[in-house]
2 protein chains.
Amino acid sequence: MTEVHLRDALDTLKSTGVRITPQRHAILEFIIQSMSHPTADDIYKALESKFPSMSVATVYNNLRVFREAGLVKELTYGDSSSRFDFITNDHYHMICNSCGKIVDFHYPGLDEVEHLASHLTGFDVSSHRMEIYGTCPTCKEHATKVQ
Amino acid sequence: MTEVHLRDALDTLKSTGVRITPQRHAILEFIIQSMSHPTADDIYKALESKFPSMSVATVYNNLRVFREAGLVKELTYGDSSSRFDFITNDHYHMICNSCGKIVDFHYPGLDEVEHLASHLTGFDVSSHRMEIYGTCPTCKEHATKVQ
DNA sequence: TATACTTATTATAACAATTATAAATTAATA
DNA sequence: TATTAATTTATAATTGTTATAATAAGTATA
């Protein structure tokens, strides 16, 4: 699964004339296999041992490259730093109010909502995003135990 | 409409023991009547003439107070600074990719999606948010004219 | 292969939004 | 009025991100 995604992503990059450097390969690979919606700093720290001299700027630069190539989505929530998500198929995010964990929630896209919104506001709609907030099972259990 | 909201909001604050200072009153009033989802800086600049010595920190402090009192929602998008929205009834936001304008889109809450998400992930769901992206009528027209 | 040329990376400085701190002010209470 | 607590102000610090300039690496061409 991961390998297929990685190969596809690299193909996409190659076809748009973007050079595949070792750093880019590693960053992309990490995002795809991490499943944890990492921040730029997460990525930087994770690859520190492999690329001791890599700059934070390189991470940011390449996240932008990936975003512009349509490979990666930037998620901005209330907290300080953005998280990055490899784009596969339709899914939304569940966010735990207590520990901040982000979990994928697969659900068919809300096409009819897009249509209605377009109709009511006159926008040309291109996309939408949704986040669902709550308490994850782990935190729930913890809270019950403590009380 | 605005006056009712403001009065309700002040009541809520009073009942939670929060002092209603002139600055707080003005910030709240501005958010409610602005309809423009202002940033902290927008608010700061708008009230500059009325409170020449008010600090930016005061704006941020009170936005947090309002948020904690459940009066105001913080909206974070890709761009640099957060926008603040007075909480009334269920609505989502349409965002123009071209000019950044935010327009309300009233729609009944997606309760069934919340339920399904809860069922699939084991979360206790408390809320959700959704944004719909596209091009607003004005920018659409502009684009057609230019081309 | 040598040369120029483009692209990417690095190191570092700059920036901008937000938060923390401490002093001054205001309001509430005894 | 004196005391205490809450709020505002001014300013410094922090942090995520972007910009800049120099260096390095890769690509194409003579």
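All chains are named by letter (A, B, ...) in the order of the sequence lines, taking the proteins before the strands, and each is independently numbered beginning at 1.
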Original post:
In whole angstrom, what separates B:Lys45's NZ from C:dA16's P?
Top reply: 11 Å

Original post:
How would nucleotides 7-19 of chain D be written as a contact map, 5' to 3', with B for base contact, S for sugar-phosphate-only contact and - for no contact, using protein heavy atoms under 4.0 Å?
Top reply: SSBB-----SSBB

**OP:** Only counting residues at least two apart or in another chain, list the ones meeting side-chain contact (heavy atoms from CB on, under 4.5 Å) with B:Glu131.
**Re:** A:Arg129, A:Glu131, B:Tyr77, B:His93, B:Ile95, B:Arg129, B:Tyr133

Original post:
Does the gap between the ring centers of A:His37 and A:Phe84 come in under 6.0 Å?
Top reply: no

**OP:** Check step by step if side-chain contact (heavy atoms from CB on, under 4.5 Å) holds for B:Ile102 and B:Arg83.
**Re:** CA-CA 10 Å; B:Ile102 300 178; B:Arg83 292 169 172 279; 3.3 Å; yes

Original post:
For the residue pair B:His119 and A:Phe105, is the inter-centroid distance of their aromatic rings smaller than 6.0 Å?
Top reply: no

Original post:
Who passes salt bridge (charged side-chain N to carboxylate O under 4.0 Å, His left out) against B:Lys45, sequence neighbours left out?
Top reply: B:Asp41

Original post:
To the nearest Å, how far apart are B:Tyr44 OH and C:dA16 P?
Top reply: 15 Å

